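Here is the naming used below: chain letters follow the sequence lines, and residue numbers restart at 1 for every chain. Computed from a predicted structure; not experimentally measured.
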Amino acid sequence: MDQIEVRKVDVVIAGSGGAGMRAAIEAQERGCSVVMLAKGPARANHTRMAGGRFNAVSGMNTKDSVQAFYQDTLDSGAGMCRPVMARVLAEEAMDRALDLEFYGLTWDRTEDQRYFVSMTGGGSFMRTLGSRDEGIGITEVMLQQLYARRIPVQEFHMLVDVLRGEDGAVEGCLVLDIKCGKWIAYQCSVAIIATGGTSQLYQTNSGPAINTGDGIAIALRAGATLVDMEFMQFIPISFVYPPSIRGYTLLEPAHYGKRHVNPNAEAGILLNTRGERFVLKHDPVRREGSTRDVLARAIMLEILEGRGTPEGGVLMMPDPDVLEDFIKERPIYSKRLLENYGEAQARFQAPIQVVPSALYTLGGVYVNEDCQTSVPGLLAAGEAAGGVHGANRLGGSSMPDIQVFGRRAGISAVARVHERRGGRIPAFSQSQAASLARAKERWLGQTGGVRPVEVKRNFQKLMSDHVGLVRSGPKLSETLRTFKDLNDQVLPGLSVQGKSRVLNRDWMEAIELENMLSVAQTMATASLMREESRGAHFRTDFPDTNPDWRVNILVSQNGSRLKVERNDMAEVVA
Amino acid sequence: MNNAEIITVDLRRFDPSSGEAPYYQRFEIPAQPNMRVLDVIRAIYETKCADLSFQYACRIGRCGTCSVKVNGVPVLACQERAKPRMRIEPLSPFPVVRDLVIDRGEVESRYVDLNLVPARGSPRGEDIERITPVAAEQICNLDRCISCMICVSACPAVEERAFDGPAFMLKLRQLSLHPANGQDRVEQAMEGGLMECFGCDACTQLCPTDLSPAQAIRELRRVKVFGGSQ
Amino acid sequence: MNGTKTVRLPRDTTRQAESLVIGRASRMTHRITGIAIVLFVLVHLVAQSVLHVPAFSAWKTRATWLPTLVSQNWIHAVLLFAIVFHTLYGLKLILSDLGWTFDYRRSFLLIVGISILFGIRELARYAGI
């Protein structure tokens, strides 16, 4: 192993999505030196893939209010949201939407040049902004902002671990330059975890290949606490075939009917193979305009009980009357429907097959409203952080989340840097960095074992079957035992045959697999502990919601074991 | 692609750290229904060649990072349907880091130089910017460009002349339409070789996002030649 | 149900490498026809000079390939194709710069079609039809 190159910077941001970019802009604007790391190209992130819908109280709908948005968030979260985080989200969302326009994004407008707002599944009022360029537009506009501000963007730089001093505070970041296989240690006062979610842990998922939960695992190893790890959101409708696009979100049934612009109208109707409108059993009031957890589970149960199509989905009947508006508002989705399903489906004249898919990590690193973790100098924002959305996220709330908390992480980072500047300049231990790096190199050149990509496939199936939409105590315990085996026996023996250190994908996947396993253990453990069903977490052995379980589950690392505890919610003051 | 059972791929390999020259390696992969080029590449990686380097992320045509050349045509690997015989190469004319992964440093530094942001002197106001729905739609439309560089790769003027490339011209057009634009985007385009475009529309045909950089170039050129508002 | 058939869908761009890249074909054809026209003019110049300019009469005996070349009537058909294509495509480029929009595929095929017609007409003329 070569010498580790040392670089100095105030703030290291791991993750190039909306939260990472927003934090970078804020921290740099306030005078700190920043570097933003992306595991691959900067544009390869989850924000890019998003529909770009943005819940905000913009004044367009006089019936709506910050209180209503806040209440919708709490209701959707089934009592699991941290009230202060939900309130901050509701209050600051609009300012962040204006920020995005300031950067160059243009929200869709109506004839009188005001914002066009629409409905989201589970919300009470129309408040969702949107733009035709979706997540592509948001990420492009923000990346150009970073360029204009000369903020350094380091692509193919993977955060591998955080380096802490004797006092437990963050003093550096160990980073692998994947392009040449060399190690870099950033000496810094703050590390912001904005690495996104854990969708890659599941077989059918809607996320990018890079969302392997690295940042969450790194935070856990660094001594931070994780919250709500049992809650994983599944988008109810996604592509069923072909395999290349399977799992990619198809938005919400609301988009395929007049409900999109009229809260009292119908959404796209969901039918099983018997032609039954099964959602009515689960939510007769909101029907297909219900929240994602209810819809996803309804669909999954139909499929599991044998009333799904041979390809493994159910049928959605769109309303042909909304076709023109759909194409106008969502040309990208219309194109994908055409290319993958066919012209009849793209013209809303044939049923569209759909299946639930792992979309969003509701839990994550436990932070306060200033994105601070229990580890001094370690912050987290975006999908990697938990507590904002509780047990189920409203559609359209992730975009404001990453902007609101990305900015707050930037502000906290600056405060921390100033705090540190008063005292001695932090320096991490070279030997600690070197031994961590050597540990990650242990697979290099190892032959004869099983390849990371193969383990990943089996692992993803296991997660989908037992730690997905439908869980049960015995299966969770069995899965935890399998995880222990994977950890103790399979992980050390992974084979990374390629000798070159340049863009060694097997090596990167081995490091990712270690993180994925670590995160999966916390998810299964928290799921086993919660003996009830709530929001996105559903157990067949405890199918009802139990008010005694109106607590958050916190997971932290204690040596080689996990420490799990309940955190009673404070009374919600309206 | 329904009847072939085997897909034969000639894939360009190159590892700078090995000291060897680039070469083409042949792989054979069992065909599955509806395979995309990315599926074939991943199958090669998973079953035939553990040290293959390639790039992808979203696999649904939005991140723009999986661009490669298939049978001489630049495409998105995740979107292009697999064919029974394929020659897969990294996207030209960019420097190759390894196998199918290219170095986009020069592309990104060109974006930096263009300063593709509206001019904002004072801090942000509290009111909604007045933008007509048509203008918002036009800007949003051009903002859908995913920077995949397929148009730049296919452009004959980039090959033969001092031309930055269609993608950059399109972004300049997008900014020129923004009500708060503060720079002469047409002049920037001129410096980037606006007049070198042949009008062949190869970029329009190959754009995976249904945009027309050639149309943006024509609009910019018209402003340059005939003046008037942008 | 309203007229949903008339709504235009986005394109299916999953077969890019299977289709002819019209831009490449049109650019190549425009370039080649341009060269062909220049070459023809050059040969025509030489041929006419040999016939009418006294100073070039010596070429008559030395350039034995010239009469053979000039008697190839099919070259006129190729020339007509080249002139018509180059002119029409050039016009299309100028018009698109001025503001007209053309579908690149349809306009290319139309121009090629018209040029071929002129070429065939030329062939027919020389064949005595």
For [X], is it the side chain, the backbone, both or neither that has a heavy atom under 4.5 Å from a heavy atom of chain A?
| X | result |
| --- | --- |
| B:L38 | neither |
| B:C145 | backbone |
| B:D99 | neither |
| B:T65 | side chain |
| B:P123 | backbone |
| B:Q79 | side chain |
| B:R36 | side chain |

Quiz item: Within residues 139-152 of chain A, which positions have a heavy-atom distance to chain B below 4.5 Å?
Solution: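 Residues A:E140, A:V141, A:Q144, A:Q145, A:Y147, A:A148, A:R150 are the ones that qualify, each having a heavy atom under 4.5 Å from chain B.
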With a 4.5 angstrom heavy-atom cut-off, which part of [X] approaches chain B: side chain, backbone, both or neither?
| X | answer |
| --- | --- |
| A:E509 | side chain |
| A:T110 | backbone |
| A:R336 | side chain |
| A:N211 | neither |
| A:R451 | side chain |
| A:W507 | neither |
| A:E454 | neither |
| A:V453 | side chain |

Can you give me the closest heavy-atom contact between [X] and [Y], atom names plus distance?
| X | Y | value |
| --- | --- | --- |
| A:P41 | B:Q55 | CD-NE2, 3.2 Å |
| B:R120 | A:F102 | NE-O, 2.8 Å |
| B:S53 | A:L503 | OG-O, 2.8 Å |
| B:P133 | A:Q113 | CD-CG, 4.3 Å |
| A:A44 | B:C63 | CA-CB, 4.1 Å |
| B:V97 | A:K179 | CG2-CE, 3.9 Å |

What residue, out of [options], has the most heavy-atom pairs lying under 4.5 Å from chain A?
| options | value |
| --- | --- |
| B:L142, B:V117, B:I60 | B:I60 |
| B:V134, B:T209, B:T132, B:I139 | B:T132 |
| B:I131, B:D113, B:I128, B:L114 | B:I131 |
| B:S17, B:S147, B:C78 | B:S147 |
| B:D51, B:V112, B:D39 | B:V112 |

Quick check for you: to the nearest 0.5 Å, what is the distance between [X] atom [atom1] and [Y] atom [atom2]?
| X | Y | atom1 | atom2 | result |
| --- | --- | --- | --- | --- |
| B:I146 | A:D133 | CD1 | CG | 13.0 Å |
| A:F156 | B:R104 | CZ | CZ | 9.5 Å |
| A:D112 | B:R130 | CG | CZ | 7.0 Å |
| B:R42 | A:S244 | CZ | OG | 9.5 Å |

Pick from [options] with the largest number of heavy-atom pairs that fall under 4.5 Å of chain B:
| options | value |
| --- | --- |
| A:D506, A:V496, A:I245 | A:D506 |
| A:N340, A:I332, A:D108, A:I136 | A:I136 |
| A:P208, A:G498, A:S495 | A:P208 |
| A:I210, A:L98, A:L105, A:N45 | A:L98 |
| A:K499, A:E155, A:R457, A:Q497 | A:R457 |

Quiz item: Hey, mind stepping through A:R48 and B:C58 against side chain to side chain contact (heavy atoms under 4.5 Å, CB included) and telling me if it holds?
Solution: CA-CA 8 Å; A:R48 186 74 160 192; B:C58 75; over 6 Å; no
Using side-chain heavy atoms (C-beta onward) and a distance below 4.5 Å, is [X] in contact with [Y]?
| X | Y | result |
| --- | --- | --- |
| B:R98 | A:S500 | yes |
| A:T106 | B:E137 | no |
| A:R109 | B:E129 | yes |

Practice problem: Output, in order, the C-alpha distance, side-chain angles, deciding distance and verdict of salt bridge (Lys or Arg N to Asp or Glu O under 4.0 Å) for B:E46 and A:K456. | Solution: CA-CA 11 Å; B:E46 286 175 30; A:K456 190 162 80 167; over 6 Å; no
Quiz item: Is a side-chain N or O of B:R62 found less than 3.5 angstrom from the main chain of A:A50, in a donor-acceptor match?
Solution: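 Such a contact is found between B:R62 side chain and A:A50 backbone.
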Self-check item: B:F54 six-ring centre to A:R505 NZ/CZ under 6.0 Å and within 45° of normal
Solution: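 Yes, a cation-pi geometry holds between A:R505 and B:F54.
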Quiz item: Are A:E101 and B:R124 within salt-bridge range, i.e. N to O under 4.0 Å?
Solution: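 Judged by the 4.0 Å cut-off on N to carboxylate O distance, A:E101 and B:R124 do not form a salt bridge.
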